[in-house]
Amino acid sequence: MGGVMIPAALAAGDKPSSGSSKDGGKSDKYDPQNRTHISQYMETLVAGNAKFSARDFPGAITVYRSAIQLAPNDPLGHYLLGEAQSANGNLAEAEASWTQADNFADKDPEVKIKVLFCLADLRERQKKWEDAKAAWDKYKQYVTAHPDAGGA
């Protein structure tokens, strides 16, 4: 895909509430649900995105891996890790990360569609033509079934 996906809540400009507490707001710093405050997971992904944007792919890989430790079943971290690995020239590692993202993305169509695109594109780069055709067919079917997920 070539770019880093910014989560919709961050792109929309949603900001954490400025609640206060007896401990100076420290207990309110993170919201695991990412609704009233940013989650530690999402904050870590954003830090990885900054490294990716600065073309520090090894740094981004390290940060994305630490984010995955916080939410191992969330597909976004695996997807972003695959993007950084691909940009760093590690296509085998990228494939493993995107496959992992695909395994977790059934409930997240916006991530799933990006992962399917990446996997189909990867099959072409590998010159695995039959696998590429099957992957593009899978992508097309998913786009058709999920028209609001951002596929083309």
Side-chain angles (χ1 to χ4, degrees), residues 1-17 30-152:
M1 300 268 342
V4 175
M5 184 176 93
I6 304 298
L10 293 176
D14 292 350
K15 295 182 177 144
S17 67
Y30 297 119
D31 172 7
Q33 299 303 312
N34 212 41
R35 292 191 177 122
T36 60
H37 294 74
I38 194 167
S39 67
Q40 185 177 7
Y41 170 69
M42 194 60 67
E43 183 177 71
T44 305
L45 290 179
V46 170
N49 291 353
K51 290 196 175 285
F52 186 98
S53 294
R55 304 191 58 76
D56 177 5
F57 304 127
I61 289 167
T62 298
V63 174
Y64 292 142
R65 283 187 174 140
S66 58
I68 290 168
Q69 295 299 313
L70 297 169
N73 296 330
D74 189 296
L76 183 57
H78 296 281
Y79 161 72
L80 293 172
L81 176 59
E83 288 284 6
Q85 291 165 325
S86 175
N88 202 41
N90 299 324
L91 296 182
E93 291 178 17
E95 179 178 11
S97 294
W98 289 329
T99 300
Q100 193 74 336
D102 186 30
N103 292 336
F104 295 126
D106 288 337
K107 293 182 182 177
D108 193 338
E110 291 177 357
V111 174
K112 179 93 170 178
I113 209 160
K114 291 177 182 321
V115 170
L116 292 176
F117 182 96
C118 289
L119 287 169
D121 178 66
L122 178 64
R123 298 293 175 254
E124 281 193 12
R125 289 196 239 170
Q126 295 169 328
K127 299 183 188 310
K128 294 181 178 178
W129 306 120
E130 290 300 316
D131 292 343
K133 182 182 180 325
W136 283 119
D137 287 342
K138 184 176 179 180
Y139 172 78
K140 180 182 175 187
Q141 289 172 359
Y142 197 83
V143 168
T144 302
H146 299 86
D148 295 333

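The chain is numbered in sequence order, starting from 1.
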Who pairs with Tyr139 by ring-ring contact (aromatic ring centres under 6.0 Å, His included), at least two apart in sequence or on another chain?
-> Phe117, Trp136

Those residues at least two apart in sequence (or on a different chain) that pass side chain to side chain donor-acceptor pair (under 3.5 Å) with Asp74 are Tyr41

Tell me, please, which residues at least two apart from Asp56 pass side-chain contact (heavy atoms from CB on, under 4.5 Å).
-> Lys51, Pro58

Can you pull the salt bridge (charged side-chain N to carboxylate O under 4.0 Å, His left out) pairs that have at least one residue in residues 142-151, sequence neighbours excluded?
-> none

When every non-hydrogen atom of Gly150 is compared with those of Ile113, the smallest separation belongs to C-CD1, 4.4 Å

If you look at every heavy atom in Gln85 and Glu93, which pair is closest and at what distance?
-> OE1-O, 3.0 Å

Would you please name every residue forming a side chain to side chain donor-acceptor pair (under 3.5 Å) with Lys133, sequence neighbours left out?
-> Asp137

Of all residues at least two apart in sequence or in a different chain, which pass the side-chain contact (heavy atoms from CB on, under 4.5 Å) check with Gln126?
-> Glu95, Leu122, Arg123, Lys128

Is Ser97 close to Tyr64 at the side-chain level, that is, under 4.5 Å between some pair of heavy atoms?
-> no

With sequence neighbours left out, what residues match Glu124 under salt bridge (Lys or Arg N to Asp or Glu O under 4.0 Å)?
-> none

So among Val115, Asn103, Leu116, which one has a side chain to side chain contact (heavy atoms under 4.5 Å, CB included) with Trp98?
-> Val115

Any side-chain heavy atom of Lys127 sitting closer than 4.5 Å to one from Trp129?
-> yes

Would you check if Phe104 and Pro72 make a side-chain contact, meaning some heavy-atom pair closer than 4.5 Å?
-> no

Set of side-chain contact (heavy atoms from CB on, under 4.5 Å) partners for Thr62, sequence neighbours left out | none

Partners passing salt bridge (Lys or Arg N to Asp or Glu O under 4.0 Å) against Lys112 (at least two apart in sequence or in another chain) = Asp102, Asp106

Kindly write out the residues that satisfy side-chain contact (heavy atoms from CB on, under 4.5 Å) with Ile68, not counting sequence neighbours, or none if the list is empty.
-> His78, Leu81

Please name the pair of heavy atoms, one in Ala60 and one in Gly48, separated by the smallest distance, quoted to 0.1 Å.
-> CB-O, 3.6 Å

